[in-house]
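Structure first, then comments.
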Amino acid sequence: MDVVAVIDFETTGLSPAQGDRATEIAAVILENGKVVDRYQSLMNAGVGIPSFIEELTGISNAMIRQAPTATVVMREVSDFVSDIPLVAHNASFDCKFWDAEVARINLTRRQEFACSLLLSRRLLPLAPSHKLGALVEYANLPLAGRAHRALADAEMAASLLTHLADELRSRYGIRQVTHELLRKIQGIPKAKVEQVLAKHQQSQ
DNA sequence: TGCCAGGCCCTCTTTAGGGCCTT
C-alpha cells in the first residue's frame, strides 16, 4: 500500500463552525502495513473542555493548560505529515478540524483524505457496527490503548486500514492498494462494490 | 426569539425522515 498518514483528533465538540477546537492530535505513518513513525501532542487552543468531553476522552482542562499552543502543534504535525496522503476514521470529521486548525495558522491542506469508515461499510458490510472500536473487535485487531485518545485511535485506525488492504488483496486480488484506489472505492455506491471491484480485478 | 454539525446511507424515498459515525 502507498505510504499514508493516519490521523485522529480529539476536540471540544463536533463542529469547528460552532466554535469547537482541537485538544489533541496524533498522526502515524503507515508503510507496508507497519507503523514506522508517530506524532502525538495535546494542544492548548485557549478554550474550555466541556465536562462530558473530559469524561469521554480523559483529557482535562488542567492537562490542556500545560500543553503547547495549537499554533505550535499544528505547525509541527503539518511538517510531520508533509504531503503524505491522509486517512482518518470518519474523515469528514477530522478533515473539517484539520482544515479549520491549519487555516488559523495560514496553511492549506496539500493532500486528500481517505476514510476508513466509508471503506469499512463497503468491505466489511456484515460488521454489527462501524464504530472504530467495534471494527477493531470484529476484525480481531489489537487494542492500542485507551479509546478516545488520539494516538490509540490513530494506531487502531491504521490497523483497520491494513486489514482492509489485506481484504482487497485476498478477496479481489488487488495487488497495488493506492490511496487513490481507496478514495475511489469509498465513493462506489454500496450496492455496486462487488461488481466494480470484480471488474477492477479483471482489468489488472 | 429560538435555534444550534454534517455527510452518508437506508427506506414504508426522491415534494423525507431517521439512524449511524466522529468529539
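Chain identifiers are assigned alphabetically (A, B, ...) following the order of the sequence lines, protein sequences preceding nucleic acid strands; residue numbering begins at 1 within each chain. Reckoned from all heavy atoms, side chains included, excluding hydrogens, waters and symmetry mates.
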Going by atom types only, do S15(A) and D20(A) share a side-chain donor-acceptor pair under 3.5 Å?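 Judged by distance alone, the side chains do not pair up.
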Between Y172(A) and E194(A), do the side chains contain an N or O donor and an N or O acceptor separated by less than 3.5 Å?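 A pair is found: one side chain offers a donor N or O, the other an acceptor, under 3.5 Å apart.
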Taking [Y]'s backbone N and O only, do any of them form a donor-acceptor pair with [X]'s side chain (distance below 3.5 Å, no angle check)?
X       : Y       : value
R183(A) : E112(A) : no
E31(A)  : V36(A)  : no
T11(A)  : G13(A)  : yes

Taking 5' to 3' order, which nucleotide of DNA chain B is first and which is last to have an atom within less than 4.0 Å of a heavy atom in chain A?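 Taking any atom under 4.0 Å from a heavy atom of chain A, the span is dC4(B) to dT23(B).
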On DNA chain B, nearest-nucleotide positions of S15(A) versus H148(A): which is more 5'?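 On the 5' side of the pair lies S15(A).
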Toward the 5' end of DNA chain B, by each residue's nearest nucleotide, F9(A) or P189(A):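 In this pair, the answer is P189(A).
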Could you give the distance separating [M] and [N] at their [atom1] atoms, to the nearest angstrom?
N       : M       : atom1 : value
dT23(B) : dG17(B) : P     : 29 Å
dC9(B)  : dT14(B) : C1'   : 14 Å
dC3(B)  : dC8(B)  : C1'   : 24 Å
dT13(B) : dG18(B) : P     : 14 Å
dC4(B)  : dG19(B) : P     : 16 Å
dC12(B) : dA16(B) : C1'   : 11 Å
dT15(B) : dC20(B) : P     : 26 Å

Please work out if [X] contacts a base, only the sugar-phosphate, or nothing of the nucleic acid, heavy-atom cut-off 4.0 Å.
X      : value
Q18(A) : base
D8(A)  : sugar-phosphate
T12(A) : nothing

Checking N90(A) now: which residues fulfil side chain to side chain donor-acceptor pair (under 3.5 Å) with it, not counting sequence neighbours?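 In terms of side chain to side chain donor-acceptor pair (under 3.5 Å), with neighbours along the sequence ignored, N90(A) is linked to S92(A).
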Sequence neighbours left out, what passes side-chain contact (heavy atoms from CB on, under 4.5 Å) with V102(A)? Give chain and number order.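 Testing V102(A) for side-chain contact (heavy atoms from CB on, under 4.5 Å), a comparison that skips the adjacent residues, returns M74(A), S78(A), W98(A), L107(A).
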Minimum heavy-atom distance P68(A)-V73(A), with the two atoms named: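 Heavy atoms of P68(A) and V73(A) come nearest at CG-CG2, 3.7 Å.
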Same cluster or not: F9(A) versus L151(A), using hydrophobic residues (I, L, V, M, F, W, Y) connected whenever any side-chain heavy atoms lie under 4.5 Å apart?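 No; L151(A) is not reachable from F9(A) via cluster members.
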With clusters defined by side-chain heavy atoms of hydrophobic residues (ILVMFWY) lying less than 4.5 Å apart, directly or transitively, does F97(A) cluster with I53(A)?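 I53(A) and F97(A): separate clusters.
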Is R169(A) paired with D166(A) through a side-chain N to carboxylate O contact shorter than 4.0 Å?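 Salt bridge present between D166(A) and R169(A).
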Enumerate the residues from residues 86-98 of chain A whose closest heavy atom to DNA chain B is under 4.0 Å, giving them by residue number; use none for an empty result.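 H89(A), N90(A), F93(A), K96(A), in order of number.
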Just to be sure I understand the geometry, which residues of residues 110-130 of chain A put a non-hydrogen atom under 4.0 Å away from DNA chain B?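 Contacts with DNA chain B under 4.0 Å: L117(A), L118(A), R121(A), R122(A), S129(A), H130(A).
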Pairs in or reaching into residues 56-71 of chain A: which pass side-chain hydrogen bond (donor to acceptor under 3.5 Å, both in side chains), with residues at least two apart or in two chains?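 Every side-chain hydrogen bond (donor to acceptor under 3.5 Å, both in side chains) pair that includes a residue of residues 56-71 of chain A, provided the two are not neighbours, is E54(A)-N61(A).
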